[in-house]
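Scroll down for the structure; my scribbles are underneath it.
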Amino acid sequence: MMRPWLSPVICLALCAVAPLDAQRDIDRRIGLDAEASIRIMHLADGSLRVVGWDRDTLAVSGTVADVADFHAGGGGRGAKLSVEPGKVSAPSHLEVRVPRRARVWIKTETAAIEVSGVERGLDLFSVSGTIRVSGSPQQVYAESMDGSIEIDASAPWVRVKTASGPITLRGVADDVAATTVSGKMDVSGGAFVRARFESVTGDIRFE
C-alpha cells in the first residue's frame with residue numbers, strides 16, 4: 001500500500017498561503033464616568049489612536065489579528081483594554097474614543113501611540129513605538145526607549161524621556177522637562193515658564 005506524501009517544497013508552499021495574518025473587526029462600547037481612569041495595553045504590532053470626545057462612553061473600533069487576544073471590560077469609574085499578539089505577531093490597529101476628562105494610561109511595545117483631545121492626565125510608555133500628543137491635557141508623561149516622541153500641545157506639566165529616540169516639543173507648558181541619552185531634541189515655537197532639557201550625546205536645538 002502506497003502512503004501519500006508531500007515534498008518539503010509543496011509543504012512550504014501550502015504553509016505560505018495559510019491565513020496567518022487574517023484580521024477581525026472590533027466594535028465595543030463601555031459606559032464610563034466623565035473622569036474615569038482608563039488603562040490600555042497594546043502589545044501587538046500596529047497602532048493605537050486615542051481621541052477625547054464629549055460622551056461618557058469608551059468606544060473601541062478597528063482590527064486585530066485573528067490570533068490576537070483582545071479584552072475590554074469595566075465601566076463607571078474605570079476600564080481596561082488589552083491586545084496581546086498570540087503565537088503569530090500580526091498588526092492590530094485600534095481607535096479608542098474616551099471621555100475628554102478621562103485619565104489615560106497606555107503601554108505598547110512596537111505599536112505607535114497617538115493621543116488627541118484628552119484634557120486630563122496622560123501616562124504613555126513604549127519600547128520602540130512612536131508617541132504623538134496634541135491638544136490641551138493637564139499633564140503629560142511620555143517615555144520610549146527607541147521610538148520618537150512628539151508633543152505639540154498646551155499643557156501645564158510635561159515630562160518626556162527617551163534612550164535613543166528623538167524628541168520634538170512644541171506648544172506651551174508651565175513646567176517642562178525632557179531627557180534623552182543619545183536622541184536628538186528639537187524644541188521650537190513654544191512658550192515655557194520653567195524648562196529643563198538634558199542629553200548625554202544627542203544634539204539639542206532650542207528656538
Side-chain angles (χ1 to χ4, degrees), residues 35-52 78-85 89 91-96 98 100-190 192-206:
E35 296 188 354
S37 295
I38 299 168
R39 294 176 65 87
I40 303 174
M41 294 272 290
H42 189 308
L43 302 183
D45 294 338
S47 63
L48 173 66
R49 183 170 182 254
V50 177
V51 181
K80 293 182 179 180
L81 307 177
S82 66
V83 181
E84 297 186 11
S89 180
S92 297
H93 303 283
L94 294 178
E95 178 174 290
V96 182
V98 304
R100 289 188 184 277
R101 296 285 299 166
R103 183 175 185 88
V104 181
W105 181 97
I106 298 172
K107 181 177 181 180
T108 70
E109 292 185 350
T110 60
I113 300 171
E114 181 180 349
V115 183
S116 62
V118 178
E119 297 177 353
R120 205 173 169 207
L122 299 172
D123 292 282
L124 313 173
F125 305 88
S126 183
V127 178
S128 59
T130 61
I131 298 176
R132 294 186 177 89
V133 177
S134 60
S136 302
Q138 288 183 354
Q139 65 180 47
V140 178
Y141 184 92
E143 181 176 342
S144 181
M145 291 293 291
D146 303 320
S148 63
I149 298 179
E150 181 178 339
I151 309 294
D152 188 0
S154 175
W157 189 90
V158 176
R159 295 292 183 271
V160 179
K161 180 187 290 187
T162 70
S164 61
I167 296 173
T168 302
L169 295 176
R170 302 184 183 91
V172 178
D174 293 340
D175 189 340
V176 59
T179 304
T180 182
V181 177
S182 59
K184 295 182 179 180
M185 191 180 306
D186 188 345
V187 184
S188 63
F192 309 105
V193 177
R194 182 185 297 109
R196 184 175 75 251
F197 308 116
E198 299 178 357
S199 178
V200 178
T201 60
D203 294 334
I204 297 178
R205 176 179 175 268
F206 177 79

Report task. Answer yes or no: is there an ion pair linking Asp203 with Lys184, defined by an N-O contact shorter than 4.0 Å? Result -> no
**Report entry** Shortest non-hydrogen contact between Thr179 and Ile167, atoms and distance
**Finding:** O-CD1, 3.7 Å
Requested in this report: May I ask you to decide whether Glu150 forms a salt bridge with Arg170, counting only side-chain N to carboxylate O separations under 4.0 Å?
Outcome: yes
Query - Minimum heavy-atom distance between Pro156 and Pro137, given as atom pair plus value - result: CD-O, 3.5 Å
Query - Separation of Asp175 CG from Gln139 CD (nearest 0.5 Å) - result: 11.0 Å
**Report entry** Spatial distance of atom CD1 (Ile40) from atom NZ (Lys80) [nearest 0.5 Å]
**Finding:** 13.0 Å
Requested in this report: Identify the heavy atoms of Lys107 and Leu43 that sit nearest to each other, and give their distance.
Outcome: O-CD2, 4.4 Å
Donor-acceptor list for residues 110-125 side chains, cut-off 3.5 Å, not counting sequence neighbours:
unit_1: Thr110; atom_1: OG1; unit_2: Asp45; atom_2: OD1; d: 2.4
unit_1: Arg120; atom_1: NH1; unit_2: Glu35; atom_2: O; d: 3.1
unit_1: Asp123; atom_1: OD2; unit_2: Arg103; atom_2: NH2; d: 3.1

Report task. List the atom of Asp186, the atom of Arg205, and the distance in Å for their closest heavy-atom pair. Result -> OD1-NH1, 2.8 Å
Report summary line: Correct closest heavy-atom pair for Leu169 and Phe197 would be CD1-CE2, 3.8 Å
Query raised in the report: Could you give the distance from CE (Met41) to CG (Leu81), rounded to the nearest 0.5 Å?
Result: 11.5 Å
Query raised in the report: For the residue pair Pro91 and His93, what are the closest heavy atoms and their distance?
Result: CB-NE2, 3.7 Å
Query - Over 12 foreign heavy atoms within 6.0 Å of CZ, Arg132 - result: no
**Report entry** Gap between atom NZ of Lys161 and atom CD1 of Ile149 - 0.5 Å precision
**Finding:** 10.5 Å
Requested in this report: Measure up the Trp157 and Tyr141 rings against each other and bin them: parallel (under 30°), tilted (30 to 60°), perpendicular (over 60°).
Outcome: parallel
Report task. Take Ser199 and Thr180 through the side-chain hydrogen bond (donor to acceptor under 3.5 Å, both in side chains) test and state the conclusion after the steps. Result -> CA-CA 5 Å; Ser199 178; Thr180 182; 5.2 Å; no
Query raised in the report: Looking at CD1 of Ile131 and OG1 of Thr108, how far apart are the two atoms once the value is rounded to the nearest 0.5 Å?
Result: 6.5 Å
Report summary line: Which of Ser128, Ser164, Ser126 passes side-chain hydrogen bond (donor to acceptor under 3.5 Å, both in side chains) with Asp146? Answer is Ser164
